[in-house]
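Below is one structure, written out as structure tokens; the observations come after it.
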Amino acid sequence: MKKIAIAGSTGYLGKFLVEHLIESKTEGIALARNTKKLAAFNSENLQKVKAEFTQPESLNGLLNGVDTVISTVGITRQKDGLTYMDVDYQANKNLLTEARNAGVRKFIYVSVLNGQNMRQLKICDAKERFVDELKNSGIEYTIIRPSGFFSDMKDFLDMAKGGRVYLFGNGNKKLNPIHGADLAKVCFSAINTTDKEIEVGGPEILSHNEIAEMALRASGKKIKIVHLPDFLQKASIGFVRTFFSQKTYGPIEFFLTALDFDMVAPQFGTHKLNDFFSVSVQ
Ligand SMILES: NC(=O)c1ccc[n+]([C@@H]2O[C@H](COP(=O)([O-])OP(=O)(O)OC[C@H]3O[C@@H](n4cnc5c(N)ncnc54)[C@H](OP(=O)(O)O)[C@@H]3O)[C@@H](O)[C@H]2O)c1
């Protein structure tokens, strides 16, 4: 049976990948810098292995016998003092080098929808530099380009709990965020596809206003949405770039930029955002 290695196994998407691996009885390895975070996962078909992706020598031999690597390694909310180039680019490159040394057949990498069009952002630049490496590596590959994750929609919920959601512009821009369990299915189906890039989002296409309303309702609050003028969004990007370090401004910069256009990808999955919000507020 094909052996699958999951890098980024302790993250939001990574945990759904590990769950999917166990449920599908696929033989696999969950690689993590802190394997204690995987304590909830126990199965005969799962090996948990410590790996420091930023230290290439720690990866020696770990991928022997592996058919496919799925990597979700990247900085989202980590505060390790590392840059996107250190992690999203270099750590994945270290993994790719080891994959090639070990004779791994395929490498599946989770980037971001429209990342190739937002290379002015540090986070997208680092990811897309890795995508370029992957494309030129000679290994079989699939790049998954998801729209927002359900986990990121919690930002709406956090504002809603305070009784008010702030949006830039008229709030009519749309996205179709995807649940980790649905996205895990897409990643696993990519093991045997010849598709080089897969854009994917969740089943519901929602405007920012609709997500804000959903979050307020789930929090038991009245509908209060404050629309901030567009110029404040541009000013905010400039402000965070000037006054915060890259580590702090990166996620804010990405969020503010992505708000500026529709982030809609082909629809997939069954999980509804409203159900996610209802569970998350409990
Ligand atoms: N969130 C979105 O809306 C969205 C949309 C599209 C694409 N993406 C991308 O999809 C990927 C997965 O997202 P996610 O929400 O699952 O992210 P996440 O929860 O932050 O998981 C990221 C994984 O990378 C690992 N990692 C981060 N820094 C590391 C380091 N210095 N050394 C070793 N491991 C490190 C984390 O390990 P630890 O648990 O040890 O920190 C974790 O396993 C990310 O690259 C993200 O940018 C996200």
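Given the structure is predicted, the values throughout are model-derived calculations rather than measurements. We count ligands from 1, going down the list as the structure has it; atoms in each ligand are counted the same way. Residue indices begin at 1 and follow the sequence shown.
Ligand 1 lies within reach of Pro146, whose nearest heavy atom is under 4.0 Å from it. Contact between Val73 and ligand 1 is present, with at least one heavy atom of the residue lying under 4.0 Å from the ligand.
Of all the heavy atoms of Glu52, none lies under 4.0 Å from any atom of ligand 1, so neither backbone nor side chain is involved. Residue contacts with ligand 1 for Lys127 involve side-chain atoms from C-beta outward but no N, CA, C or O (heavy atoms, distance under 4.0 Å). Only side-chain heavy atoms of Phe53 come within less than 4.0 Å of ligand 1; its backbone N, CA, C and O stay farther off. Only the side chain of Asp152 comes within 4.0 Å of ligand 1, counting heavy atoms alone; its backbone N, CA, C and O stay farther away. Looking at Ser111 against ligand 1, only its backbone comes within 4.0 Å, counting heavy atoms. Counting heavy atoms closer than 4.0 Å to ligand 1, residue Pro177 contributes nothing at all. Using a 4.0 Å cut-off between heavy atoms, Leu82 contacts ligand 1 through its side chain alone, with no backbone atom that close. Residue Leu13 touches ligand 1 through backbone and side chain together, judged by heavy-atom distances below 4.0 Å.
A side-chain N or O of Asn94 and one of Gln90 form a donor-acceptor pair less than 3.5 Å apart. Side-chain contact annotation: Asn209 with Ser207, donor-acceptor N/O pair under 3.5 Å absent. With hydrogens and angles left out, the side-chain atoms of Glu133 and Tyr89 include a donor and acceptor closer than 3.5 Å. For Thr142 and Lys106, the side-chain atoms include at least one donor-acceptor pair closer than 3.5 Å. Side-chain contact check for Thr83 and Asp86: at least one donor-acceptor pair (N or O, by modelled atom type) lies under 3.5 Å. Between the side chains of Asn170 and His208, no donor-acceptor pair is found at a separation under 3.5 Å. Under the 3.5 Å distance criterion, with hydrogens and angles disregarded, a donor-acceptor pair is assigned to the side chains of Asn42 and Lys48.
Taking 4.5 Å as the limit, some side-chain heavy atom of Gln116 sits within range of a side-chain heavy atom of Arg145.
The ring of Phe276 has its center closer than 6.0 angstrom to the ring center of Phe150. No close placement of the Tyr84 and Phe130 rings is indicated, their centers lying 6.0 Å or farther apart.
Within ligand 1, counting atoms from 1 as listed, the ones closer than 4.0 Å to a heavy atom of Lys37 are 38 (P), 39 (O), 40 (O), 41 (O). Close approach of ligand 1 to Ser147 is summarised as follows: ligand atoms under 4.0 Å from at least one heavy atom of the residue are 5 (C), 6 (C). For ligand 1, the atoms lying closer than 4.0 Å to a non-hydrogen atom of Val87 are 28 (N), 29 (C), 31 (N). Near Thr76, with a cut-off below 4.0 Å to any heavy atom, the atoms of ligand 1 are 17 (O), 18 (P), 20 (O), 46 (C). The Val110 neighbourhood of ligand 1 comprises atoms 10 (O), with distances under 4.0 Å to a heavy atom of that residue. Listed by number with element, the atoms of ligand 1 under 4.0 Å from a non-hydrogen atom of Tyr12 are 15 (O), 16 (O), 18 (P), 19 (O). Listed by atom number, the atoms of ligand 1 under 4.0 Å from Gly148 heavy atoms are 3 (O). Below 4.0 Å from some heavy atom of Gly8 lie the following atoms of ligand 1, by number and element: 23 (C), 43 (O).
With sequence neighbours excluded, no residue forms a salt bridge (charged side-chain N to carboxylate O under 4.0 Å, His left out) with Lys224.
One option in Tyr109, Phe149, Phe150 has a heavy atom closer to atom 4 (C) of ligand 1 than any other, and that option is Phe149. Compare Ala91, Gly11, Gly74 by their heavy atoms: the one nearest to atom 24 (O) of ligand 1 is in Gly74.
Taking the six-membered ring where the residue is Trp, His179 and His271 present parallel rings, their angle staying beneath 30° rather than reaching 60°.
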